[in-house]
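These notes are about the structure you will find just below.
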Amino acid sequence: MTETVGFGIVGAGLIAPFHLNAIRDSRGGDVIGIFDISRERAAQVAAKFGVRAFASLEEMLGDKRVQVVCVATPNHLHRDPVVQAARAGRHVLTEKPPAMSLAETDEMIEACTRAGVRFGCFVQCRVRKAVQAMKSAVESGRFGKLLHADAYMKWYRPQEYYTSDGWRSQRGSGSGVTVAQGFHYIDLLQYLAGEALNVEAGMTNIGHPGIALEDDVVARLRFRSGAEGVVQLSTALWPGTDVRIEINGANGTAVMVGETMHTWRFRDERPEDEEIRMLGNASQATGAGGAADIGYRDHMVVIQDMVDAIASGREVVIPVRSVRPTLEIVLALYQSAKQRKPVTLPITDDPTVWD
Ligand SMILES: NC(=O)c1ccc[n+]([C@@H]2O[C@H](COP(=O)([O-])OP(=O)(O)OC[C@H]3O[C@@H](n4cnc5c(N)ncnc54)[C@H](O)[C@@H]3O)[C@@H](O)[C@H]2O)c1
């Protein structure tokens, strides 16, 4: 690669250093600077990493070296920077969830398509080697008929996590466990088992008094493939244990715990299976006990993919349009919990779920 790809970051909060480190460690990526509506936050991060603190998004977009904009603002504030960056001809990587509604997601996809720029999303758990092995097995039919796709996320976040910043305790900002932390694992189910047909959810708050958010969810999914899914999500279960993703088919079972392959059994045992059983790093933190309790390696794979996609003229591997069905499932879960009945997809937005 002869030229570097310049990145600008919007939002200098908790996740921003993960983006900075990931870009720094990539081959061909270079951080140009960061912008935050809090000048102080932007200045602090910029000084720490030796990059420029932009005074506005316009200033960042005026810098021709910035080819990709990473959007790391709170969940309900992704649209404006994404659309502005796209209109300025910049490729975009947004944090998850892409937005808090299907309409805003479509608007962003449309803006990026119209501008002819790539639009990817940090649902970085997809790039884990164990997940990729499961995806290949699904695609090659090794599981046979898919029967179950389940996610168990029994995590812990202390009360202070929710009171530390205004948006972290507001429903419409996307701070409930379903759309915040759970998004990654519902995304894995959607990625592996396909689109959902029907969902049913119960949502409660069992561990964070005075916070008007769900911190505990039990849900049932029915996929179009015919598979069933059980989803348990919580941030109330101290000290928090690694996520478990289970895929069962008529001919095989795979279970990932954290990022490691816990179970990998197929009726047609193959020579490569023994190696697949060793995938993952058991000591790598994956977020069970704290928001910053993660590595940046998975983010780096997403960044590297963008750099390589630009260099070779191809699409990114996680375009936002592939994440839209995840958002639809998540929004359907909220609608189901509110209406206290199963909800059939496709759905339209119902902003009253955030009331
Ligand atoms: N992929 C992951 O594993 C992961 C992990 C944590 C957070 N996230 C996501 O990253 C995003 C940010 O989360 P966070 O925990 O860093 O939040 P945060 O509150 O720590 O940081 C957000 C920052 O955005 C700034 N901001 C708000 N509006 C802005 C605007 N219009 N322009 C510029 N800056 C603005 C805030 O001042 C703040 O500094 C969220 O979408 C969240 O879901 C993803």
Side-chain angles (χ1 to χ4, degrees), residues 8-22 33-46 48 53-61 69-85 92-100 104-105 108 120-128 131 153 155 157 160-170 172-188 213 235 243 258-259 284-303 318 320 323 326-327 330:
I9 298 164
V10 184
L14 182 145
I15 203 67
F18 293 80
H19 289 203
L20 278 139
N21 280 317
I34 188 157
F35 161 64
D36 194 295
I37 43 164
S38 158
R39 281 188 179 231
E40 198 187 330
R41 283 190 182 193
Q44 270 172 7
V45 177
K48 185 171 172 205
F54 290 104
S56 66
L57 181 55
E58 290 71 22
E59 189 178 82
M60 178 187 281
L61 297 174
V69 172
C70 291
V71 175
T73 50
N75 293 339
H76 62 306
L77 297 173
H78 293 170
R79 180 195 51 190
D80 289 358
V82 167
V83 170
Q84 238 179 296
V92 186
L93 281 171
T94 186
E95 268 299 346
K96 45 51 59 173
M100 292 296 292
E104 283 198 353
T105 303
M108 295 187 298
C121 186
F122 287 104
V123 279
Q124 75 275 4
C125 300
R126 285 192 196 184
V127 307
R128 288 182 188 162
V131 173
M153 191 198 89
W155 279 11
R157 295 289 181 270
E160 307 81 67
Y161 169 80
Y162 289 102
T163 53
S164 64
D165 219 328
W167 76 275
R168 291 202 198 280
S169 59
Q170 285 161 27
S173 310
S175 300
V177 65
T178 323
V179 66
Q181 296 83 7
F183 194 89
H184 281 298
Y185 304 104
I186 295 169
D187 182 66
L188 289 189
L213 295 171
T235 51
V243 167
E259 63 157 43
Q284 171 98 359
T286 51
D293 209 4
I294 55 172
Y296 60 85
R297 192 204 46 214
D298 294 342
H299 269 87
M300 197 185 84
V301 178
V302 177
I303 294 278
I318 313 180
V320 168
V323 186
T326 305
L327 181 67
V330 166

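Read the numbers this way: they start at 1 and go in the same order the structure lists the ligands and their atoms. For reference, positions follow the sequence shown, starting with 1.
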| query | Is the closest heavy atom of Pro74 to ligand 1 under 4.0 Å? | reply | yes
Could you list which atoms of ligand 1 come closer than 4.0 Å to a heavy atom of [X]?
X      : result
Arg168 : 14 (P), 15 (O), 17 (O), 18 (P), 19 (O), 20 (O)
Arg41  : 21 (O), 38 (C), 39 (O)
Asn75  : 40 (C), 41 (O), 42 (C), 43 (O)
His184 : 1 (N), 2 (C), 3 (O)
Lys96  : 1 (N), 9 (C), 41 (O), 42 (C), 43 (O), 44 (C)
Leu77  : 28 (N)
Trp167 : 13 (O), 17 (O), 18 (P), 19 (O)
His78  : 41 (O)

Top protein contact for [atom], by heavy-atom distance:
atom                    : answer
atom 26 (N) of ligand 1 : Ile37 CG1, 3.6 Å
atom 12 (C) of ligand 1 : Ala72 O, 3.2 Å
atom 21 (O) of ligand 1 : Gly13 CA, 3.2 Å
atom 32 (N) of ligand 1 : Phe35 CE2, 3.6 Å
atom 3 (O) of ligand 1  : Gln124 NE2, 2.8 Å
atom 10 (O) of ligand 1 : Glu95 CG, 3.2 Å

| task | Indicate, as side chain, backbone, both or neither, the part of Thr73 found under 4.0 angstrom from ligand 1 when only non-hydrogen atoms are considered. | result | both
| Counting heavy atoms only, which part of Asp165 comes closer than 4.0 Å to ligand 1: side chain, backbone, both or neither? |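 Side chain only.
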Heavy-atom side-chain proximity of [X] to [Y] below 4.5 angstrom:
X      : Y      : result
Val123 : Thr326 : no
Met108 : Val92  : no
His78  : Thr73  : yes

| message | Would Leu14 count as a polar contact of ligand 1, with the cut-off being nitrogen or oxygen pairs under 3.5 Å? | response |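 Right, the criterion is met.
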| said: Asp36 versus ligand 1: do any nitrogen or oxygen atoms come within less than 3.5 Å of each other? | reply: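 Min N/O separation from ligand 1 is below 3.5 Å for Asp36.
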| Would Asp298 and Lys96 pass as an ion pair if we require N to O under 4.0 Å? | no
| said: Could you go through Thr235 and Tyr161, starting from their C-alpha distance and side-chain angles, then the distance that decides it, and tell me whether this counts as side-chain hydrogen bond (donor to acceptor under 3.5 Å, both in side chains)? | reply: CA-CA 10 Å; Thr235 51; Tyr161 169 80; over 6 Å; no
| field | Considering all heavy atoms, the nearest Leu327-Pro97 contact | value |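 Heavy atoms of Leu327 and Pro97 come nearest at CD1-CB, 4.3 Å.
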| message | For atom 16 (O) of ligand 1, tell me which residue out of Ile15, Val10, Thr94 has the closest non-hydrogen atom. | response |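 Selected option, by shortest heavy-atom distance: Ile15.
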